[in-house]
Amino acid sequence: MRSTFFLSVAALAFSSLAGVSQSPVAPKSVQKPAQKSAPMQMLAATPPMGWNSWNFFAGRVTDQDIRNAADQLVATGMKDAGYVYVNIDDTWEGDRDTDGVLHTNSKFPDVKALADYVHSKGLKLGIYSSPGPQTCAHFAASLDHEAQDAELYASWGIDYLKYDLCSYRQAVMFVKAPDDKAAQMRMMISAYDKMNQSLKATGRPIVYSFCQYGWDAVWEWGPSAGANLWRTTGDIQPNWNSIYTILNEQAGLAKYAGPGHWNDPDMLEVGNGKLTLAENRTHFSMWAMLAAPLLAGNDLPNMTQDVRGILMNHDVIAIDQDRLGSEGTRAYSEGEHDVWIRHLSGGALAIAVINAGSDRYSTHPFHLSLAKLGLHGPLKGKDLWTGKDVTLADNMPLEIPSHDILLVRIAAPK
Ligand code: GLA
C-alpha cells in the first residue's frame, strides 16, 4: 500500500531529528490581520511555482536553509522565472502551550521574522501541518486547533499551507469508524474542509495544498473543500520508476484541473538522486504538460548549471503556466513510447514524445502519428530543449534516447 512507503520516509526523517530540541520558542503576539475589502485575486490562477524543503532536506531543514533557498531563488533568476513560494515542509513544529498556541522548535526560532525576510525578497512563505494530532514525522499537528493554527499562520504572514493527512487516519478515521470506509472518507473530507474554513476566516489569501495521496478520488471533491491543489499519488522519489509511475497515474485526470485548482503529482525531484539529465528533462517537461505545481526540491546553493538550465527553461515553464490552464492528456502509447498533448491559449499546442524504454535504435525508430492526434502535417514548431525550429510530418521517424523526451510547441496546429 502507498501509505506504508511514505510512513517509512517520515519515520526516517524523524529518526534523524534526535537532536532537535522542542522547547517552546514564544511566538510574537497573535494578531488577526485586517480584513481586506477589495475583491481577492484568484489564488493559484496558474499552478504554484517555488521550492519546498522536503525532497532534499527532509527532517534536517532549518531556518537558515529556508533563508538560503530564498536567497538562491533570487540570485539564480528563478524568482524572475516564476518560482515565488518558499515552502517549509514538516519538522518545524514544537509544542503547544497551555493556551493551545503552537510553538516552533529550536530549528525555527522565529517564523514571523523568517516570513518578513522571505517577503523582503519579493517571495512568499509556505508552511506544513496535518489534520491529525501529529504530522508524518510525528510533530504536533492541527487536530482540534484548526482555527488557532490558521490564525497563527496568518499572523506570521504565511502564504501557503500544505496539509498532510498522516496521523488523522490512525488517530481519528480508523478509531472512530474502524469498519466503515465510507464514514472514514467523509471524516477526511470534513477535516480538510475544517481547515479550509479556518483559513478563509483569517481573511488572508493562503494557497491551500491537500496532501492525502489521492485517496477517495480527491480530484472530485478537493475543489469544493477549498483545495487549490491536491496530491494525486503517494510520495515521489528521485528515480525514473517513481517519476514514470506517477506520470502514468495522471492520465485521465486532466478534466479536474483548471485555474485555481490543480492536480499535484508531487514536488519536483529535478537535480536530486541519480536522475540523468534526460530523466530530469523528461520529469520537468511532463510536469509542465500536466499543469503541475512546479515546486523545486533540490539543493539550490549547490545546483549544477545543467540542472539550473532545466529548471529555468522559460519555454517549458510557459507551457506549465499557460493561462488557459488546460492539463495535458496522454494521446496514445505504442510499446515504450508515449505521446501526450496539451492545448494552450491562442490555439497553440504542445506535443511530448517520451521514450520510456532502453532498447530501441535507429534501425527501428518510433514513428509519430499526427493522424492519431487529429492533426495534419507538416507542422512547424519549436523544439523546446534544443530551441530550434522543427517540422513534424505524419509518420515521421523519431529517435529519442532512453528516458528522454521530444517536446515541441506548435503555434498554429492544423
Ligand atoms: C508525507 C508527504 C511528504 C512530506 C512528508 C513529511 O510523506 O507526502 O511530501 O511532506 O510527509 O513528513
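Any value given below was found using the heavy atoms of this structure, including those in side chains, with hydrogens, waters and symmetry copies removed. Each ligand, and each atom within it, is numbered from 1 in the order the structure gives. Residue numbers count from 1 along this sequence.
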Side chain, backbone, both or neither: which part of A58 has a heavy atom under 4.0 Å from ligand 1? neither
If you count the atoms of ligand 1 from 1 in the order shown, which ones are under 4.0 Å from a heavy atom of C211? 2 (C), 8 (O)
Should you measure from each heavy atom of C136, which atoms of ligand 1 turn up under 4.0 Å away? 1 (C), 11 (O), 12 (O)
Flag the pair D159 / R204 as yes when at least one side-chain heavy-atom distance between them is below 4.5 Å, and no otherwise. yes
Residue part near ligand 1, for D164, under 4.0 Å between non-hydrogen atoms: side chain
Pick, from W54, Y213, F139, the option with the minimum heavy-atom distance to atom 5 (C) of ligand 1. W54
Without hydrogens or angle criteria, can the side chains of N355 and S402 be said to hold a donor-acceptor pair below 3.5 Å? no
Heavy-atom contacts with K162 under 4.0 Å: which atoms of ligand 1 show up? List them by number with element. 3 (C), 4 (C), 9 (O), 10 (O)
Whether the E334 and H337 side chains hold a donor-acceptor pair (N or O, under 3.5 Å, no angle test) is what I'd like checked. no
Within the 3.5 Å criterion, strictly below it, is a donor on Y208 or N196 matched to an acceptor on the partner's side chain? no
Atoms of ligand 1 less than 4.0 Å from R231 heavy atoms? 8 (O), 9 (O)
Looking only at distance, does D89 have an N or O less than 3.5 Å from an N or O of ligand 1? yes
Can you name the residues that form a salt bridge (Lys or Arg N to Asp or Glu O under 4.0 Å) with K194, not counting sequence neighbours? E146
Who passes salt bridge (Lys or Arg N to Asp or Glu O under 4.0 Å) against R281, sequence neighbours left out? D404
Under a 3.5 Å threshold, yes or no: a donor from one side chain and an acceptor from the other, between N263 and W230? yes
Enumerated ligand 1 atoms positioned under 4.0 Å from heavy atoms of A137: 12 (O)
